[in-house]
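Some notes on the structure that comes next.
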Amino acid sequence: MTIEEWDPARIAPATGPAIGGTSRYRLEYRRRDEWTLILLSDDLGTMTAGQGNACRDGVYGSIAVGGAFRPTSRDPALCNGVPRWIRPGMACCYSWPKTVAKGLITYTSPGERVVFDAATGLPLTYEAGPVGGAVRHRTTYRLEQWLGCPAPCP
């Protein structure tokens with residue numbers, strides 16, 4: 001899965017106007033406690049491509065540019081699924097209004113909206129911004145491969 005995050009004001013220098021930009025990540029997800037999230041690119045060059053975060057059998061840590069995993073915590077809450085709305089059922093406990101239409105499940109609240117694919121349960125879009133105003137953050141999810149259940153499925 002590729003995750004693209006856009007903000008109109010990623011950098012807000014004291015001497016000038018805010019600068020918008022996009023960063024792209026690659027998510028390799030096997031289960032809630034076994035995943036890798038690596039930075040692919042950063043339009044502004046403020047982050048280094050190749051670094052990221054991961055969980056290895058329930059141990060949370062960072063990924064160096066060369067791919068080395070450095071464990072930083074055994075706290076199970078850090079490995080309870082990937083942030084950015086990937087965690088199964090993440091929107092279930094919010095009292096946001098829910099709309100189901102054309103294979104999409106949309107949750108909205110004042111200033112936020114998240115859309116899931118009804119077939120896979122995976123997120124498609126997350127947006128945040130003031131009610132009635134411009135979007136201040138957008139995250140787009142693209143699924144390149146769905147591993148699903150290998151044949152024969154149990």
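Reckoned from all heavy atoms, side chains included, excluding hydrogens, waters and symmetry mates.
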**OP:** Enter the distance from Thr2:OG1 to Arg24:CZ here, rounded to the nearest 0.5 Å.
**Re:** 9.5 Å
**OP:** Report whether Ile63 and Tyr60 are members of the same hydrophobic cluster (ILVMFWY, side-chain heavy atoms less than 4.5 Å apart, transitive linking).
**Re:** no
Original post:
Does Thr139 reach the side chain of Ile3, with side-chain heavy atoms less than 4.5 Å apart?
Top reply: yes
Original post:
What closest approach, in Å, do Val59 and Pro71 show between heavy atoms, and which atom pair accounts for it?
Top reply: CG1-CB, 3.6 Å
Original post:
Is a side-chain donor or acceptor of Glu127 paired with a backbone partner of Val135 at a separation under 3.5 angstrom?
Top reply: no
**OP:** List the atom of Asp42, the atom of Thr46, and the distance in Å for their closest heavy-atom pair.
**Re:** OD2-N, 2.6 Å
Subject >> Pair Glu34, Tyr29: side-chain N/O donor-acceptor within cut-off below 3.5 Å >> reply: no
Original post:
In Å, rounded to the nearest 0.5 Å, how long is the span from CG of Leu104 to OG1 of Thr125?
Top reply: 8.5 Å
**OP:** First locate atom OG1 of Thr22, then atom CG of Leu44, and finally report the distance between them rounded to the nearest 0.5 Å.
**Re:** 8.0 Å
Original post:
Taking all non-hydrogen atoms of both residues, which atom of Ile19 and which atom of Pro13 are closest, and how far apart?
Top reply: CD1-CG, 4.5 Å
Original post:
Is there a donor-acceptor pair under 3.5 Å between the side chain of Asp7 and the backbone N or O of Ala9?
Top reply: no
Subject >> Pairwise distance CZ(Arg26) to CD1(Ile38) - rounded to 0.5 angstrom >> reply: 11.0 Å
Subject >> Nearest heavy-atom neighbours spanning Glu112 and Ala128 >> reply: CG-CB, 4.2 Å
Subject >> Ser23 to Met47 - nearest heavy-atom pair and separation >> reply: CB-CE, 3.7 Å
Original post:
Is there a path of hydrophobic side-chain contacts, each under 4.5 Å between heavy atoms of I, L, V, M, F, W or Y residues, that connects Met1 with Trp6?
Top reply: no
**OP:** Heavy atoms only: give me the nearest Arg136-Pro8 pair and the separation to one decimal.
**Re:** O-CD, 3.1 Å
Subject >> Any donor-acceptor pair under 3.5 Å from Arg56 side chain to Trp35 backbone >> reply: yes
**OP:** Please assess Asp57 against Arg31 for the test salt bridge (charged side-chain N to carboxylate O under 4.0 Å, His left out), listing each intermediate value before the final yes or no.
**Re:** CA-CA 9 Å; Asp57 201 21; Arg31 60 181 192 266; 3.2 Å; yes
**OP:** Measure the spacing between OG of Ser62 and CG of Leu37 and express it to the nearest 0.5 Å.
**Re:** 12.5 Å
**OP:** Indicate, with yes or no, if Leu39 and Tyr141 share a hydrophobic cluster defined by side-chain heavy-atom contacts under 4.5 Å among Ile, Leu, Val, Met, Phe, Trp and Tyr.
**Re:** yes
Original post:
What about Ile105 and Leu124, same hydrophobic cluster or not, with Ile/Leu/Val/Met/Phe/Trp/Tyr joined at side-chain heavy-atom distances under 4.5 Å?
Top reply: no
Subject >> Shared hydrophobic cluster, Phe116 / Val100 (ILVMFWY, side-chain heavy atoms < 4.5 Å) >> reply: yes
**OP:** Apply salt bridge (charged side-chain N to carboxylate O under 4.0 Å, His left out) to Glu5 and Arg138, showing your working.
**Re:** CA-CA 6 Å; Glu5 292 184 338; Arg138 178 177 294 118; over 6 Å; no
